[in-house]
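What follows is one structure encoded as structure tokens, with my remarks underneath.
Along the sequence shown, residues carry numbers from 1.
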Amino acid sequence: MQRRDFLKAAAAAPLFVPRSAFGANDRIQYGLIAAGGRGRYVSQVFEKYGAKCVAIAEINAANMDKAQTQHPDAKPCIEYRELLEQQGIDAVLIASPDHHHAPMLYASLRAKKDVYLEKPLSYSLDQSLDMVKAVRRSKQVVQIGMQRRSIDKIQNAKKMVDDGMLGEISLVKAQWHWNVGRPLDNSPLPSKIDWERFQGDAPKHTFEPMRVRYWRYFKAYAGGNMTDQGTH
């Protein structure tokens with residue numbers, strides 16, 4: 001199986017081919033853009049199935065330290081565009097806050113990199129439509145990481161419905177209990193962060209540590225619980 005076939009298989013379903021399926025010189029090399037907890041977790045899964053992280057772009061010093069411990073041979077940088085310019089990178093894993101998804105995807109497509117982009121696809125519906133069009137104009141393989149659509153529990157539940165085990169279903173109610181009413185911690189961050197790069201194209205705001213800790217709670221960077229959990 002060649003790199004291209006591997007990525008096409010990944011796009012069809014978020015399952016990865018064992019390392020033994022690749023030749024000695026055919027291991028997928030990828031860059032990790034945004035190495036927070038989610039990015040590091042998915043990157044571990046990529047490595048487990050045979051891919052190799054060769055570069056890391058991260059604006060938070062603490063996250064970079066953790067990612068370099070995980071991938072000691074990967075080249076570190078702050079600017080993700082610098083990562084995209086590196087030779088030998090087949091694909092990128094993007095796990096940034098939502099407002100960065102579109103610009104990072106566009107830049108990756110221009111750099112001819114295949115992409116695994118964490119959900120949600122984008123910050124807005126209009127932006128999502130533009131992103132889909134951009135991907136279709138390209139020759140790159142792009143997958144959005146909506147893992148709850150592919151985990152075994154959800155697949156088993158879908159099979160039960162498809163097989164008629166539950167009979168005729170006339171009403172479905174969905175609930176997600178997530179308490180966000182607690183005060184936000186605005187104490188100083190334990191490490192340095194590039195605030196200008198964190199804001200990106202979002203409306204400019206004076207630095208507040210809580211905007212980094214809880215970026216999903218701020219409209220400038222995300223759609224809150226609705227888009228974070230509702231896009232599965």
Side-chain angles (χ1 to χ4, degrees), residues 7 10-16 30-46 57-60 63 80-81 83-84 91-111 113-138 140-155 157-158 172-180 184 197-203 205 210-232:
L7 290 162
L15 302 173
F16 288 86
Y30 70 96
L32 171 59
I33 299 177
R38 182 64 188 172
R40 296 195 304 274
Y41 168 76
V42 177
S43 189
Q44 281 185 318
V45 176
F46 279 23
E58 173 57 55
I59 61 172
N60 186 314
N63 287 342
Y80 73 89
R81 295 177 184 84
L83 180 151
L84 293 172
V92 291
L93 159 58
I94 302 175
S96 58
D98 302 354
H99 69 296
H100 285 297
H101 286 191
M104 287 181 174
L105 175 66
Y106 296 148
S108 299
L109 295 177
R110 288 193 297 270
K113 309 300 183 187
D114 294 317
V115 180
Y116 183 97
L117 174 64
E118 271 296 316
K119 56 86 184 165
L121 173 60
S122 75
Y123 179 79
S124 70
L125 292 176
D126 288 341
Q127 197 174 61
S128 290
L129 292 173
D130 290 339
M131 293 167 74
V132 169
K133 292 176 182 177
V135 172
R136 288 175 175 169
R137 287 194 300 266
S138 77
Q140 307 311 122
V141 177
V142 177
Q143 180 183 352
I144 307 304
M146 297 184 179
Q147 68 276 7
R148 287 186 188 157
R149 294 188 180 184
S150 57
I151 59 175
D152 55 358
K153 293 180 178 63
I154 300 301
Q155 290 296 314
K158 182 180 184 302
V172 175
K173 289 186 176 181
Q175 291 178 295
W176 186 272
H177 301 287
W178 190 15
N179 180 15
V180 295
L184 302 184
R197 283 191 168 93
F198 175 89
Q199 293 182 97
D201 296 335
H205 197 281
M210 64 181 178
R211 287 177 171 263
V212 177
R213 287 192 176 97
Y214 310 103
W215 55 265
R216 286 189 177 88
Y217 297 0
F218 291 89
K219 189 177 180 180
Y221 319 124
N225 188 28
M226 181 64 74
T227 59
D228 184 49
Q229 302 299 335
T231 53
H232 287 301

> Counting only heavy atoms not in Tyr41, do more than 12 sit closer than 6.0 Å to its OH atom?
Replying inline: no
>> Measuring from atom OG of Ser96 to atom CG of Leu105, what distance do you get when rounded to the nearest 0.5 angstrom?
In response: 10.0 Å
>> Are Phe198 and Tyr221 an aromatic pair, judged by ring center distance below 6.0 Å?
In response: yes
> Between CD of Glu58 and CG of Asn63, what distance do you get to the nearest 0.5 Å?
Replying inline: 4.5 Å
> Can you name the nearest heavy-atom pair linking Ala91 to Lys113, along with the distance?
Replying inline: CA-CB, 4.5 Å
>> Please report the interatomic distance CZ(Arg81) to CZ(Arg197), rounded to the nearest 0.5 Å.
In response: 8.5 Å
>> Could you walk me through whether Ser122 and Asp98 satisfy the side-chain contact (heavy atoms from CB on, under 4.5 Å) test, starting with their C-alpha distance in whole Å, then the side-chain angles of each, then the deciding distance to 0.1 Å, before giving a yes or no?
In response: CA-CA 6 Å; Ser122 75; Asp98 302 354; over 6 Å; no
> ring pair (Phe, Tyr, Trp, His ring centres under 6.0 Å) with Tyr106: which residues, sequence neighbours excluded?
Replying inline: none
> Hey, are the side chains of Leu117 and Gln143 touching, using non-hydrogen atoms and a 4.5 Å cut-off?
Replying inline: no
> Of all heavy-atom pairs between His100 and Gln199, which one has the smallest distance, and what is that distance?
Replying inline: CE1-C, 4.4 Å
>> What's the separation between atom CE in Met104 and atom NE2 in His99, rounded to the nearest 0.5 Å?
In response: 8.0 Å
> Is the backbone of Ala222 close enough, under 3.5 Å, to the side chain of Arg216 for a donor and an acceptor to pair up by distance?
Replying inline: no
> Taking all non-hydrogen atoms of both residues, which atom of Leu83 and which atom of Ala57 are closest, and how far apart?
Replying inline: CD1-N, 3.6 Å
> Have Tyr30 and Ser43 got a donor and an acceptor in their side chains that come within less than 3.5 Å?
Replying inline: yes
>> What I'd like to find out is whether the side chain of Ile94 reaches to under 4.5 Å of the side chain of Glu118, using heavy atoms alone.
In response: no
>> I need the minimum non-hydrogen distance between Met210 and Phe218, along with the two atoms involved.
In response: O-CE1, 3.7 Å
>> In the structure I gave you, are the side-chain heavy atoms of Asp201 and Pro103 within less than 4.5 Å of one another anywhere?
In response: yes
> So, for Leu93 and Gly39, which heavy atoms are closest and what is the spacing to 0.1 Å?
Replying inline: CD2-O, 3.7 Å
>> To check you understand the geometry: which heavy-atom pair defines the closest contact between Gly145 and Tyr116, and what is its length?
In response: CA-OH, 3.2 Å
> What residues form a side-chain contact (heavy atoms from CB on, under 4.5 Å) with Arg137, not counting sequence neighbours?
Replying inline: Lys133, Ala134
> Where the side chain of Asp114 meets the backbone of Val141, is there a donor-acceptor pair that is under 3.5 Å apart?
Replying inline: yes
> Quick check: does any side chain N or O of Gln140 sit under 3.5 Å from a backbone N or O of Leu109, one acting as donor and the other as acceptor?
Replying inline: no
> Is it true that a side-chain atom of His101 and a backbone atom of Tyr123 form a donor plus acceptor pair closer than 3.5 Å?
Replying inline: no
>> Test of understanding: with side-chain contact (heavy atoms from CB on, under 4.5 Å), list the residues that count as partners of Ala157, not counting sequence neighbours.
In response: none
